[in-house]
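A short worksheet on the structure shown next.
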Amino acid sequence: MHQVFLESHNLKNKFSGFGQFNYHLIKALAKQDTSGMNITLHAKDVDSLKKEFGTSFYYRKYKSITRHKPFRIKKKYDVWHCLNQNIKIEPFYNIPYILTVHDVHFVTEGSEGLQQKLRQKFEAKLKRCNGIVYISNFAKEDTHAHFTVPNVPEYVIYNGNTITKVNIPKTFKPSIKTERPYLFSIGDFSERKNFISLVKMLKHTPEYDLVLAGNNTSIYANKLTHLVEEYELNDRVFQTGKIEDIAKYYYLQNCEAFVFPSHREGFGIPPIEAMYFGKPVFLSNNTSLPEIGGDNSFYWDHYEPEYMAKILKEGMQTFKKNQPIFEDWYIKRAKSFDWNETAKQYLEVYKSLL
């Protein structure tokens, strides 16, 4: 029986991007035919995983000490899958190794010292790879643009849509609610997500409120709050903080449009989630977003507030003139990103190394 190890301890941050990727990939793997393989999950909360997935997997409890070289995991697995490029846990021995690359944004983000440190760690990961999986063509191109990639098999495997079934009770009420038509976005409050551009745009779109969900305990979040106060938009901009799935579904189902002016994305799951509800999607015209958004999403080439408002208004008019056609296209595109298909492709990658 072949032994496959998933370095998946980011499950502890289930509401982060990496946490979502880990959880939904594992959930889909549990539904596949994995005969001939014993797959081990590496996680802190092993008990909850056992409760959900039972004997579908083997389990190894995460211990932070295994980050340090002398205490690395010494079992010789047949395949070690590192589920994202930032993970510090590595195998002790030189064993078959697959790396999933979500993005290499660290080459331009943070201080110069931090960039260099992360670059060195990533280069070390690349050197030990026997196969590399990218979550988008952009992620692959960007990695090749900044690094010397070893001559090993490379794959592009798209993430799936995290929303496959929605049941919102009629009695459900979100903690923050606006009675006016609203735009919705979700993500960490950081420079990269560029939420401040939406606040500036809102001055030129008086017909809409703005609901922003995600971790809003950051310096950037404070800057955004001060800007809202400066623009006197306190009654039109709403920050929910982190939200559970049911609240996310509510906001997506009831918004006028989903807005996502991110500077950099390796993939971008939130736009696909919005498409599931047939909502018009407005995205930055950069990195992976045009690849994910497709031909019928609407794009900002830059972030000047009046220009952004113009694109939004024109896009909404186009959407409403052909609403049934657009809704049908969005829903079909959302369904084309399927975690079960993603899991099957990863299993083929594992088999290629066994």
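Along the sequence shown, residues are numbered consecutively beginning with 1. These numbers were taken from a predicted model, which means no experiment stands behind them.
Remark: the Glu291 side chain and the Asn137 side chain contain an N/O donor-acceptor pair separated by less than 3.5 Å. Side chain to side chain, Asn215 and Thr217 meet the donor-acceptor criterion of an N or O pair below 3.5 Å. A donor-acceptor pair shorter than 3.5 Å cannot be found between the side chains of His263 and Ser284. Looking only at atom types and distance, the side chain of Glu154 has a donor-acceptor partner in the side chain of His144 under 3.5 Å away. When only modelled atom types and interatomic distance are considered, Thr225 and Asn222 share no side-chain donor-acceptor pair under 3.5 Å. Residues Asn22 and Asn10 bring no donor and acceptor atom of their side chains to less than 3.5 Å of each other. With hydrogens and angles left out, the side-chain atoms of Tyr350 and Thr34 include no donor and acceptor closer than 3.5 Å.
Looking only at distances, no side-chain donor or acceptor of Gln239 sits under 3.5 Å from a matching main-chain atom of Val211. No donor-acceptor pair closer than 3.5 Å links the side chain of Asp188 to the backbone N or O of Ser190. Panel note: side chain Thr205, backbone Tyr208; no donor-acceptor pair is recorded below 3.5 Å. Using a distance-only test at 3.5 Å, with no hydrogens or angles considered, a donor-acceptor pair links the side chain of Tyr59 to the main chain of Gly54. Glu304 places a side-chain N or O within donor-acceptor distance of the main-chain N or O of Tyr307, the cut-off being under 3.5 Å.
To the nearest 0.5 Å, atom CG of residue Leu227 and atom NZ of residue Lys203 are 8.5 Å apart. Rounding to the nearest 0.5 angstrom, the gap separating the CZ atom in Arg192 from the OG1 atom in Thr108 is 9.5 Å. Expressed to the nearest 0.5 Å, how far CD of Gln32 lies from CD of Glu341 amounts to 9.0 Å. With values rounded to the nearest 0.5 angstrom, Ser56 atom OG is found 9.0 Å from Leu41 atom CG. Rounded to the nearest 0.5 angstrom, His81 NE2 and His42 NE2 are separated by 15.0 Å. Considering OG1 of Thr40 and NZ of Lys75, their distance stands at 5.5 Å, rounded to 0.5 Å.
Between Phe147 and Phe106, the angle of the ring planes lies from 30° to 60°, which puts this pair in the tilted group. Note on ring orientation: taking the six-membered ring where Trp is involved, the planes of Tyr158 and Phe267 are tilted (angle from 30° to 60°). Between Phe53 and Phe57, the ring planes lie perpendicular to each other; the angle is over 60°, past the 30° to 60° tilted range. Ring-plane geometry between Tyr77 and Phe5 is classed as tilted, the angle between the planes lying from 30 to 60 degrees on a 0 to 90 degree scale.
A cation-pi arrangement is absent between Lys69 and Phe92, since the terminal nitrogen or guanidinium carbon is not both under 6.0 Å from the aromatic centre and inside a 45° cone about the axis. Under a cutoff of 6.0 Å and an axis angle of 45°, Lys279 and Phe258 do not form a cation-pi pair.
When ring centroids are compared, Phe18 and His102 come within the 6.0 Å threshold. Taking the six-membered ring for Trp and the full ring otherwise, Tyr155 and Tyr134 have centroids separated by 6.0 Å or more.
A salt bridge links Glu109 with Arg264; the closest basic N to acidic carboxylate O contact falls under 4.0 Å. Using a cut-off of 4.0 Å between Lys/Arg side-chain N and Asp/Glu carboxylate O, Glu123 and Lys127 are scored as not salt-bridged. Remark: Glu265 engages Lys193 in a salt bridge, criterion side-chain N to carboxylate O under 4.0 Å. With respect to the salt-bridge test (charged N to carboxylate O, under 4.0 angstrom), the residues Lys125 and Glu90 qualify. For Asp328 and Lys332, the salt-bridge test passes: some basic side-chain N is under 4.0 Å from an acidic carboxylate O. Ion pair Lys117/Glu112 not flagged as a salt bridge, since none of the NZ, NE, NH1 or NH2 atoms sits closer than 4.0 Å to an Asp/Glu carboxylate oxygen.
Enclosure of atom NZ in Lys76 is not indicated, since only 12 or fewer non-hydrogen atoms of other residues, nucleotides or ligands lie within 6.0 angstrom. Counted within 6.0 Å of OH on Tyr58, heavy atoms from surrounding residues, nucleotides or ligands total 12 or fewer; the atom is thus considered open.
Put simply, the side chain of Lys177 reaches to within 4.5 Å of the side chain of Pro174, judged on heavy atoms. Within the 4.5 Å cutoff, side-chain heavy atoms of Lys351 are placed close to those of Met37. By the 4.5 Å heavy-atom criterion applied to side chains, Asn254 and Phe277 are not counted as neighbours.
Annotation for Pro153 and Asn130: closest pair CD-O, 3.4 Å, computed over non-hydrogen atoms. Of all the heavy atoms in Lys44 and Tyr62, the pair that sits closest is N-CB, 3.7 Å.
One hydrophobic cluster, built from ILVMFWY side chains closer than 4.5 Å, cannot hold both Leu99 and Phe138; they sit in different ones. Grouping the Ile, Leu, Val, Met, Phe, Trp and Tyr side chains by contacts below 4.5 angstrom, directly or via other members, places Tyr346 with Leu6. Under the 4.5 Å side-chain heavy-atom criterion for Ile, Leu, Val, Met, Phe, Trp and Tyr, Phe260 and Met316 are members of the same hydrophobic cluster. Transitive grouping of hydrophobic side chains (ILVMFWY, heavy atoms separated by less than 4.5 Å) brings Phe298 and Leu312 into a common cluster. Note on Ile186 and Ile269: separate hydrophobic clusters, where clusters join Ile, Leu, Val, Met, Phe, Trp and Tyr whose side-chain heavy atoms are under 4.5 Å apart, directly or indirectly.
With Phe184 as the fixed residue, the ring-ring contact (aromatic ring centres under 6.0 Å, His included) test singles out one of Tyr251, Tyr249, Phe282: Tyr251.
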For this session: Walk me through it: do Arg60 and Glu7 pass the test side chain to side chain contact (heavy atoms under 4.5 Å, CB included)?
Result: CA-CA 10 Å; Arg60 184 174 186 127; Glu7 178 20 65; over 6 Å; no

Problem set entry | Intermediate values then yes/no, side chain to side chain contact (heavy atoms under 4.5 Å, CB included), Val259 and Trp300 | CA-CA 10 Å; Val259 286; Trp300 291 301; 3.8 Å; yes

